[in-house]
Trainee: 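Okay, here's the structure, questions in a sec.
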Amino acid sequence: MQRLKTNNFSLQHSLECGQAFRWEKKQNGFYYGLISNTPIKIKQEGNGLIFDSYKNKINTAHIKNYFALDLNLNEILSSIGKDANIARAATKYPGMRILRQEPWETLASYIIATFSNIPRIKKCINALSQKFGNEIEFDGMQFFTFPTIDALAECREKHLKLCALGYRSAYLLKTARMLRKKIENESFDLNSLKKLPYADAKSALLKFPGVGEKVADCALLFSLDFMQAFPVDVWVKRVMQEMYFSNKPISNRKIIEFAQGHFGKYAGYAQEYLFHYRRNHVL
DNA sequence: CTTAGGCCTCGCTT
DNA sequence: AAAGCGAGGCCTA
């Protein structure tokens with residue numbers, strides 16, 4: 001068991017705000033999940049984190065990176081906190097941070113999430129992992145790593161469909177195959193997108209089937225360190241229309257444009273606070 | 001460039 | 001119980 005002191009961080013809010021799909025809280029108070037394909041259990045006591053991982057593979061540096069503890073949340077909040085809406089949402093979920101997840105898993109997960117709902121998304125991802133990932137036993141339980149690009153690229157669409165992906169299975173399969181080809185030809189890595197300007201990284205992602213603006217922005221924000229990415233789903237659209245456009249219908253394009261101008265370089269953080277706030281409260 | 005319809009299924013509500 | 005509805009969008013026309 002390892003320990004790590006944190007500042008201005010809430011494990012619960014960060015794991016339960018809907019950005020990650022695989023964490024599960026058990027009776028013993030620990031959240032169980034995987035970081036870097038390694039099973040881990042973690043809980044918070046006060047401002048300290050207590051965690052234990054498979055073969056002790058996860059160290060405090062991994063934790064700091066995954067939970068973005070290197071960023072100064074107060075600075076981020078004052079940067080996006082231009083109005084009362086943000087202030088209200090941020091007060092409601094103190095310590096909520098945007099995680100740094102794995103790019104491939106994030107991209108694939110949000111392709112799957114398209115036009116779906118959370119229980120179903122979780123079910124699909126777990127089914128995929130069970131079928132095409134590796135099994136690892138930890139703390140008396142079975143864990144399955146998220147399938148690699150190769151593992152999915154090599155499978156048949158009918159097997160993907162068994163995971164209840166519906167029409168998304170074709171998108172996921174094609175994306176995996178395109179990625180594999182890219183990697184073979186030019187030793188490409190999704191992580192390399194981090195070095196590009198936001199617009200370039202986004203247009204690179206938009207080339208993959210099943211990846212539109214929303215999915216691309218999710219991958220950019222949740223796994224590639226683009227804090228200005230502002231994914232607009234039905235909830236964000238709803239809350240933005242209500243809070244900033246006096247309930248008038250407005251295009252996603254305009255919302256993104258407005259948000260990135262209004263909230264600035266950490267617009268993605270504003271998105272996550274507003275999203276979570278709106279999902280849990282009726283205004 | 002913008003807009004409308006279809007879409008695999010599942011989860012949740014009548 | 002069975003059926004209808006809406007779902008954390010994308011693609012195509």
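The sequence lines fix the lettering, A, B, ..., with proteins before strands; numbering per chain opens at 1. The figures here come from the full heavy-atom set of this structure, side chains too, leaving out hydrogens, waters and symmetry mates. Worth saying up front: this structure is predicted, and the values here are computed from it rather than measured.
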Trainee: Between A:P209 and A:Y110, which residue's closest nucleotide on DNA chain C lies nearer the 5′ terminus?
Mentor: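 Per heavy-atom nearest nucleotide, the more 5' residue is A:Y110.
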Trainee: Once hydrogens and angles are ignored, does a donor-acceptor distance under 3.5 Å link the base of B:dC8 to the side chain of A:R168?
Mentor: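 For A:R168, whose side chain was compared with the base of B:dC8, there is a donor-acceptor pair (under 3.5 Å).
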Trainee: What pattern of brackets, bars and dots sums up DNA chain B from 5' to 3', given Watson-Crick or G-U wobble pairs under 3.5 Å, [ ] for crossing pairs and | for another strand?
Mentor: ..|||||.||||||
Trainee: Expressed as a whole number of angstroms, how long is the span from A:I125:CD1 to B:dT9:P?
Mentor: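 For the pair A:I125 CD1 and B:dT9 P, the rounded distance is 18 Å.
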Trainee: So, are A:D233 and A:R279 salt-bridged, with charged N and O less than 4.0 Å apart?
Mentor: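 Result for this pair is no, no salt bridge flagged.
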Trainee: Check the distance between C:dG9's P and A:I255's CD1 and give it to me in whole angstrom.
Mentor: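 It works out to 12 Å between those atoms.
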Trainee: Which part of the nucleic acid, if any, lies within contact of A:R279, taking any heavy atom under 4.0 Å across all strands shown: a base, the sugar-phosphate backbone alone, or nothing?
Mentor: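 Here A:R279 touches the bases of the nucleic acid.
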Trainee: Any cation-pi pair here, A:K122 with A:F21, using under 6.0 Å and within 45°?
Mentor: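 Verdict for A:F21: no cation-pi partner in A:K122.
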Trainee: Quickly work out the A:K161 NZ to B:dC7 P distance and round it to whole Å.
Mentor: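 One finds 12 Å between P of B:dC7 and NZ of A:K161, rounded.
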Trainee: Tell me whether the centres of the aromatic rings in A:F146 and A:F132 are closer together than 6.0 Å.
Mentor: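 Centroid separation for A:F146 and A:F132: 6.0 Å or greater.
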Trainee: For the P atoms, the ones on B:dC8 and on C:dA13, what distance do you get once it is rounded to whole angstrom?
Mentor: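 So the two P atoms sit 15 Å from each other.
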Trainee: Which of these nucleotides, B:dC12, B:dT9, C:dG9, is closest to any side-chain atom of A:P119?
Mentor: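 It is B:dC12.
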Trainee: May I ask you to say whether A:R22 pairs ionically with A:E24, meaning some side-chain N is under 4.0 Å from a carboxylate O?
Mentor: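 Result for this pair is no, no salt bridge flagged.
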Trainee: Using only atom types and a distance under 3.5 Å, with no angle test, would you say the side chain of A:R278 pairs donor to acceptor with the backbone of A:V239?
Mentor: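 Such a contact is absent between A:R278 side chain and A:V239 backbone.
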Trainee: Can you check the A:N126 CG to B:dC10 P distance for me, whole Å?
Mentor: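 Atom CG in A:N126 sits about 15 Å away from atom P in B:dC10.
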Trainee: Determine the interatomic distance between P on C:dC5 and the same-named atom on B:dG6; round to the nearest Å.
Mentor: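 Here C:dC5 and B:dG6 have their P atoms 14 Å from each other.
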Trainee: Take atom P in C:dG8 and the same atom in B:dT13, then report the distance between them in whole Å.
Mentor: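 Per the computed distance, 13 Å lies between those P atoms.
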Trainee: Step through it carefully: locate the ring centre of A:Y93, locate the ring centre of A:Y273, and say whether they are under 6.0 Å apart.
Mentor: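 Centroid separation for A:Y93 and A:Y273: 6.0 Å or greater.
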Trainee: Among the nucleotides C:dG8, B:dC10, C:dG9, which one has an atom lying closest to any side-chain atom of A:T114?
Mentor: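 Comparing C:dG8, B:dC10, C:dG9 against the side chain of A:T114, the answer is C:dG9.
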Trainee: Does A:Y167 contact B:dG6 through a side-chain donor or acceptor facing the base, at a distance under 3.5 Å?
Mentor: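 No pair found.
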Trainee: Taking OP1 and OP2 of C:dC10, is either one under 4.0 Å from a side-chain nitrogen or oxygen of A:K214?
Mentor: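 It does not, given that no N or O in the side chain of A:K214 lies less than 4.0 Å from OP1 or OP2 of C:dC10.
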Trainee: So which heavy atom on A:I86 is nearest to which on A:G81, and how close?
Mentor: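 So the two residues come closest at CG2-CA, 3.8 Å.
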Trainee: Should the pair A:R177-A:E154 be classified as a salt bridge under the 4.0 Å nitrogen-to-oxygen rule?
Mentor: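 Looking at A:E154 together with A:R177, the answer is no, because their closest N to O distance does not fall below 4.0 Å.
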Trainee: Taking the six-membered ring where the residue is Trp, are the ring centres of A:F245 and A:F258 under 6.0 Å apart?
Mentor: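 Under 6.0 Å, so yes.
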Trainee: Is the terminal nitrogen or CZ of A:K182 (NZ for Lys, CZ for Arg) located under 6.0 angstrom from the six-membered ring centre of A:F188 and within 45° of that ring's axis?
Mentor: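 Checked: cation-pi criterion met.
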Trainee: Which is true for A:V211 with a 4.0 Å heavy-atom rule: it touches a base, it touches only sugar-phosphate, or it touches nothing?
Mentor: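 Sugar-phosphate, backbone atoms only, no base.
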Trainee: If you check the A:Y171 side chain, which of B:dC8, C:dG8, C:dC10 turns out closest?
Mentor: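 Given the options B:dC8, C:dG8, C:dC10, the side chain of A:Y171 is closest to C:dC10.
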Trainee: Over how many whole Å does the gap from A:R120 atom CZ to B:dT13 atom C1' extend?
Mentor: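 Going from CZ in A:R120 over to C1' in B:dT13 covers 18 Å.
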Trainee: Counting only side-chain heavy atoms from C-beta out, which of C:dG9, C:dG8, B:dC10 sits nearest to A:F115?
Mentor: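 Among the listed nucleotides, the one closest to the side chain of A:F115 is C:dG9.
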Trainee: Within this structure, what is the CG-to-C1' distance between A:L107 and C:dC10, rounded to whole angstrom?
Mentor: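 After rounding, the gap between these two atoms is 13 Å.
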Trainee: Checking contacts here: which listed nucleotide (C:dG8, B:dC10, C:dC10) is nearest the side-chain heavy atoms of A:I118?
Mentor: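 Given the options C:dG8, B:dC10, C:dC10, the side chain of A:I118 is closest to C:dG8.
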Trainee: List, with names and distances, any nitrogen or oxygen atoms from the protein found under 3.5 Å away from nitrogen or oxygen atoms belonging to nucleotides 3-6 of chain C.
Mentor:
none

Trainee: Which is it for A:D139 and A:Y54 under the side chain to side chain donor-acceptor pair (under 3.5 Å) test, yes or no, and what are the steps along the way?
Mentor: CA-CA 8 Å; A:D139 214 32; A:Y54 173 73; over 6 Å; no
Trainee: Round to the nearest Å and state the distance from A:E16 atom CD to C:dG8 atom C1'.
Mentor: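 Going from CD in A:E16 over to C1' in C:dG8 covers 17 Å.
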Trainee: Check the distance between B:dC8's C1' and A:L172's CG and give it to me in whole angstrom.
Mentor: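 It works out to 14 Å between those atoms.
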